[in-house]
Structures are given as C-alpha cells and as structure tokens.
Chemist: 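Can you read through this structure? Questions will come right after.
For the numbers below, each heavy atom of this structure counts, side chains included, while hydrogens, waters and symmetry mates do not. Owing to the predicted nature of the structure, the values given are computational and were not obtained by experimental measurement. Chain letters run A, B, ... following the sequence lines, proteins first, then strands; residues in each count from 1.
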Amino acid sequence: MSLKVYNSLTRQKELFEPINPPYVGMYVCGPTVSGESHLGHARPFITFDILYRYLMHLGYKVRYVRNITDAGHFEEEGRAAEDKISSKAVLEKLEPMELVQKYTNMFHWAMNQFNNLPPSIEPTATGHIVEQIEMIKQIIADGYAYEANGSVYFDVEKFNTDFSAKGQPYGILSGRVLDEQIESTRELDNQEEKRNKSDFALWKNAPPEHIMRWQSPWGEGFPGWHIECSAMSTKYLGKAFDIHGGGMDLQFPHHECEIAQSTVCNHQMPARYWMHNNMITINGKKMGKSYNNVIKLSELFAGTHPILAQPYAPSTVRFFILQSQYRSTLDFSNEALQGSEKALKRLMEAFDWLMNFEHPINNSATNTDLNTKVIQLVNDFDTFMNDDINTAKVIANMFELVPVINSLKDKHIEASALDSNTYTVLKQQMKAFIVDVFGLQTNKADNNDKLDGVLQLLINMRKDAKQRKDFVTSDKIRNELTALGIQLKDEKDGGMSYTIQ
RNA sequence: GGUCCUGUGGCCGAGUGGCUAGGCAGAGCUCUGCAAAAGCUUCUACAGCGGUUCGAAUCCGCUCGGGACCUCCA
C-alpha cells in the first residue's frame, strides 16, 4: 500500500518517498491578496488540503507551508510595471497593508468555509524581505544575476548554459526550450534594462509614486514575484523538500523561475515532487480575470452572480471539486453544481445514519457476497487515493455503498447480512475518508439542542395527528416547516426525521 | 507561430487493451393517507476516418473540434 503521485517534473506517476520520513515538507503557492478569491482559486487550496489530510492519514508528520503574496507581484497592462498591491491601494484609498489585511481576512474566511485546515505556516512576502534580499545577494555573487538601474535581473541565459551541462536546463519543469522561446516573448516595459528578454526580475527599483518600498543594497524597491517562494520555502522547509504544489498555470514561468533561483542558491533542485492541479473552466474557458468570467467565492456562496441559478454551499463546492481528479479540467455549470448538491446530501444522510447505527454482533455474515463486496469497496478507498489522489473513484465507491446502507436502514437488507468486522471497517473507512480526509461536514453542525427539542415536539404532534388520521393538521405541520426550509421525512418504521436546508 | 493537453450518454465526470464507473436529470415499479425520501429496474456513450490486435473508448496515424501555457494568473 504505497502512495503514487504524478510528478510534473518527470511527467509520470512516481512512488512517493519522503526525503526524511516520517516528515514531509509541502509548499503550496498561496493567494495574491490584492483582490477577492474566486471559484478557480478554490481548487488548489482544496486539492492540496486533501493531500495534506491524506498524508497525515497515512501517518506522516507534515509541515504544510502556504504563502500569502502581499507584495511584489507585477501587473502590467501596457503601462509601467507596478506593484499589484500598491496600485490597487491607491484606487481604493486604503493603506497598502489595510488592503492586504482585508483580502487576507476574506481569504481566510473562504478557506474556513471550505473546511480547509490552516497550513502549518502561512508566511507573508512582506515579512520576508530580508531573506529575499539575502538570496538575491547570493545569486548576484554567484554570477547569475545583475543590477541595472536599481533593479536586479536573473540571468536566464547564463543559468541555462551552465546548468544544461548539469542536466538541469531552464525549462526543465515546463518542457520549454529556451532558444525557442526567446523570439516569442512579448514586449514588456523596462525591457532595455535586461540583457535578454527571458531574464526575470528579482528586485525592482521603486519609482517615487510607489508606496510599498524597502531599502536594499540596490536602492529602494520591492521584490519580484518568484523570489518570495524560493526564500520562504528554503527558510521553512530547507534546501530540498518533498512536495511543491500549485495551479498548472504557475508551472511557467513562476515555478520554473523558482527552480532556477533556488538551484543557484542551494545547489540542488528545491522540491522532489511538483504537483499541479488543473483549471476550473466555465463554458470550457479557464476562469480568470482576463477572461472576465470569474465567480467570486462570496458571490458563489450567496448566489448573487448573474450566472448562478441559486446559492451553493461551500461543502457543495468542495464536493464538486472532489468529484473530479485534480489533474483534469473541471467545467462549472449550474446543472453540475446542483447535481453535486443532491449527491452530497444523499451521501451525508446515509453516512449520518450509519454512524448512529448500532450494528449487531455477529461473527458470520448471512450474505457473504455482499459482505465481501462491502469490504472490497471500502478497501479500495486507499487503493484509489494511492493512485495519485483519485477522489473521484473513492466517491464512486461510496455511492455504491449508499444503497447498501439505506437498505439496511429500511430493512430491505437484514442487519445480519454483514458481520461485525465488516460493520467496523465500513464505519471506520467511511468516517476516515468522508470526515478526516475529504473534510466533508454535515449540515447539522449549526443546529442546536433547543431547536432540536422544538422540532421533536412538532414531530410528535404530527405523529399524533397522523394516528388520528387528521391529515389536515399533519400536512399543515409538514408544509409550514417546508416553507421554513425544514424538510420532514416519514421513515419506514413510522419514525420521522428532519433535515434543514 | 511554438510547446503541451483534451474530445466519454441531456449535464458533470472516472476509466485505460477483454470485466457495470459513479453522480445529477429522465422513465417505470415498490413502499406510502398524500408527498418527500429510500429501494429496485431502466434509457441515452466513448468526435470522425483509417491502422495494429483474436479483441480498441483505451495503442498508432490522419482529419475535425475544444482548451492551457509562451514572463498577470490558482
């Protein structure tokens, strides 16, 4: 039973072997907090949350580092390159750090809504200016970066020449050949400062109007985007760590540049396994600002975006994402989300019943075929997760178990059909994967005892009415509760249950 | 233009040489005061054309369609 993950670097599934077991170091590129997160952003953070949880489930001690990019991220739209954070701050008349705090708070709120575990360390770029400057100094000292007008650029050409000989050319991760892309790079500002178009900024000179600025050996300025991840991953995970994750769109140039910088400073490839999640699309197109098709998470949860037919609960979105394999594109549609909503509800109701079911003690199953099948379905949870985190297949198996569970509930299947061991394993695995690994929550979490008491009272009144064949009263109770978003269900054995929407 | 990915039923999606994916929607039946839920049954598939093979949704080729990246990106 061993975990295999797809390594973007080698373009194949590889056996996962930590450098220093049982410890695992995992770095995931976090958000740029200059704006609100959208549905597309949800995918990597949910995907790598599942990986984090699964690694812990396997017994690893994981240090999960996910940064907050709160400075240094360039935005160029034909105008002078400027810091994304500070330009937005001027627009909104906020202090840069005020803006950063606002969107950081919103990001944390969304992560919490999704039931993502907080990372072990969540370092900020602005909190690691010193480390970034030190790293840049070393790259210059080693001859792989040069200063021009108060900015510092990484010499990609030199790196490529020297490290190609060592089997690590620039472009090793994304499969690009440097010579081929030199002609195709688009025009950027300050291009004349660079020796080559493919060189990227490690440090940028800050023009006078730039608010976010730090002292450096090259004058006042701000760090480039790529260097923060190299500096912070090295600081907290060491020169070589196990997993580096992020969206596929970060593979080039961001991760490629990280590899180059870190390799120069640390004399080795920073991460062993590079994992990239695919994009969420909408009508087949990547969700992104430049396509003007983003659905912000707050809009998604509130149902306020024009494209949305209804609000979608965070757990529905999480489940929707888990229904596909993380390396496939996932196409958003109302129909798909509605499907996930209903599916999740059915799964969780069966799960909740199972957890409360006091199974009989019997050493031999009366239905050995079913008994064997259940064990197989449940054991395959591990098999599928070990095959590059195939949550889709795990969920498919869970849905094969749902009719079995519901049939036990409705007594279409006798409780004696399965033996005690099977019940134990079934409950353990369902709980481990639904709650611990997938992080799915029951909606009942926000109920409270008093509300439950009130509902039990109404349920009892309705039961009495039904017994008297007073269907006017029983329907009134049911219909008015339905109008309030509380659904009553008549159970097979005469009992009643409720669910709150 | 370069590099790479992809095309599965009404929708979303697993899959990878032979064995039911799964979910949602649709249809029928059972249960039921009615409804809902649930259970059972069921209908729609592998873009097209060739090739390899005893056998192809899966491998190869071509054609057509969709997408990502090529220094903002999750």
Chemist: Which part of the nucleic acid, if any, lies within contact of Met287(A), taking any heavy atom under 4.0 Å across all strands shown: a base, the sugar-phosphate backbone alone, or nothing?
Modeler: base
Chemist: Can you build the contact string for nucleotides 6-11 of chain B? Use B for base contact, S for sugar-phosphate-only contact, and - for no protein heavy atom under 4.0 Å.
Modeler: ----BS
Chemist: Applying the 5.5 Å / 30° rule, does Phe399(A) stack onto the base of rG23(B)?
Modeler: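 So no, this residue does not stack on that base, at least one cut-off failing.
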Chemist: Measure CD/Gln376(A) against P/rA21(B) and give the value in whole Å, please.
Modeler: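 Rounding to the nearest Å, CD of Gln376(A) and P of rA21(B) are 18 Å apart.
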Chemist: Using only side-chain N and O atoms of Arg346(A), determine if any of them is under 4.0 Å from OP1 or OP2 of rA36(B).
Modeler: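 The answer is no; no side-chain N or O of Arg346(A) sits under 4.0 Å from OP1 or OP2.
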Chemist: With the side chain counted from C-beta on, respond yes when Thr482(A) and Leu488(A) share a heavy-atom pair under 4.5 Å apart, and no when they do not.
Modeler: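 No, every pair of side-chain atoms sits at 4.5 Å or beyond.
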Chemist: With a 4.0 Å limit, can you tell me whether Tyr291(A) has a side-chain N or O closer than that to the phosphate oxygens OP1/OP2 of rA68(B)?
Modeler: yes
Chemist: Please work out if Lys285(A) contacts a base, only the sugar-phosphate, or nothing of the nucleic acid, heavy-atom cut-off 4.0 Å.
Modeler: sugar-phosphate
Chemist: By the 4.0 Å heavy-atom rule, please label Gln325(A) as base, sugar-phosphate, or nothing.
Modeler: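 Counting heavy atoms under 4.0 Å across all strands, the contact made by Gln325(A) is with sugar-phosphate only.
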Chemist: Between the side chains of Glu349(A) and Lys409(A), is the shortest nitrogen-to-carboxylate-oxygen separation below 4.0 Å, so that they form an ion pair?
Modeler: no
Chemist: Are Phe45(A) and Tyr52(A) close enough, and set up right, to give a ring pair (Phe, Tyr, Trp, His ring centres under 6.0 Å), and what steps lead you there?
Modeler: CA-CA 10 Å; Phe45(A) 305 129; Tyr52(A) 177 44; over 10 Å; no
Chemist: Base, sugar-phosphate or nothing for Phe320(A)? Non-hydrogen atoms, less than 4.0 Å.
Modeler: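 It contacts sugar-phosphate atoms only.
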Chemist: Rounded to whole angstrom units, what separation is found between the NZ atom of Lys345(A) and the P atom of rA36(B)?
Modeler: 12 Å
Chemist: Base, sugar-phosphate alone, or nothing: which one does Ser497(A) contact when heavy atoms must sit under 4.0 Å apart?
Modeler: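 Answer is nothing: Ser497(A) stays at 4.0 Å or more from every strand.
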Chemist: Using the C1' atoms only, state how far rU52(B) lies from rG17(B), rounded to an integer number of Å.
Modeler: 11 Å
Chemist: Determine the Euclidean distance between corresponding C1' atoms of rA57(B) and rA21(B); express it in Å to zero decimal places.
Modeler: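 So the two C1' atoms sit 13 Å from each other.
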Chemist: On the nucleotide rG67(B), are OP1 or OP2 found under 4.0 Å from the side-chain N or O atoms that Lys286(A) carries?
Modeler: no
Chemist: Would you kindly give the CG-to-C1' distance between Asp470(A) and rC34(B), to the nearest whole Å?
Modeler: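 Going from Asp470(A) (CG) to rC34(B) (C1'), I get 14 Å.
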Chemist: Do Asn397(A) and rG22(B) have a side chain to base donor-acceptor pair shorter than 3.5 Å?
Modeler: no
Chemist: How would you label the contact of His38(A) with the nucleic acid (heavy atoms, under 4.0 Å): base, sugar-phosphate, or nothing?
Modeler: base
Chemist: Applying a 4.0 Å non-hydrogen cut-off, can you work out what Gln251(A) is touching in the nucleic acid: base, sugar-phosphate, or nothing?
Modeler: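 The answer is nothing, as Gln251(A) stays clear of every strand by at least 4.0 Å.
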Chemist: I'd like the C1' distance from rG18(B) over to rC11(B), given in whole Å.
Modeler: 30 Å
Chemist: Write down the distance between CD (Glu414(A)) and C1' (rG39(B)), rounded to a whole number of angstrom.
Modeler: 15 Å
Chemist: For the residue pair Thr124(A) and Met232(A), what are the closest heavy atoms and their distance?
Modeler: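 Shortest heavy-atom separation between Thr124(A) and Met232(A) comes out as O-SD, 3.5 Å.
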Chemist: What interatomic distance, in whole Å, is found between C1' of rA36(B) and the corresponding atom of rC31(B)?
Modeler: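 Rounded to whole Å, the distance is 12 Å.
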Chemist: Show me the pairs that pass salt bridge (charged side-chain N to carboxylate O under 4.0 Å, His left out) and involve residues 309-328 of chain A, at least two apart or across chains.
Modeler: Asp49(A)-Arg318(A), Arg327(A)-Asp388(A)
Chemist: Distance to the ring centre below 6.0 angstrom and angle to the axis at most 45 degrees; does that hold for Arg66(A) and Phe48(A)?
Modeler: no
Chemist: Can you tell me if the side-chain N/O atoms of His41(A) get under 4.0 Å from OP1 or OP2 in rA74(B)?
Modeler: yes
Chemist: Expressed as a whole number of Å, how far does the P atom of rG26(B) sit from that of rC59(B)?
Modeler: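 Nearest-Å result for rG26(B) against rC59(B) at atom P: 35 Å.
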Chemist: Can you find an N or O donor on one side and an acceptor on the other, under 3.5 Å apart, linking the side chain of Asn334(A) with the base of rC24(B)?
Modeler: no
Chemist: Is Thr499(A) close to Lys345(A) at the side-chain level, that is, under 4.5 Å between some pair of heavy atoms?
Modeler: yes
Chemist: Under 4.0 Å between a side-chain N or O of Asn406(A) and OP1 or OP2 of rG39(B)?
Modeler: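 It does, given that an N or O in the side chain of Asn406(A) lies less than 4.0 Å from OP1 or OP2 of rG39(B).
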Chemist: Just checking, any donor-acceptor pair under 3.5 angstrom between side chains of Glu414(A) and Thr366(A)?
Modeler: no
Chemist: On a whole-Å scale, what distance lies between the P atoms belonging to rC72(B) and rC19(B)?
Modeler: 48 Å
Chemist: When we call it a touch if two heavy atoms are under 4.0 Å apart, what does Arg478(A) touch: a base, just sugar-phosphate, or nothing?
Modeler: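 Arg478(A): base contact, heavy atoms under 4.0 Å.
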Chemist: The side chain of Ile280(A) lies closest to which of these nucleotides: rA74(B), rC69(B), rU71(B)?
Modeler: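 From the listed options, rA74(B) comes nearest.
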Chemist: Has the side chain of Asn390(A) got a donor or acceptor that lies under 3.5 Å from a partner of the other kind on the base of rA14(B)?
Modeler: no
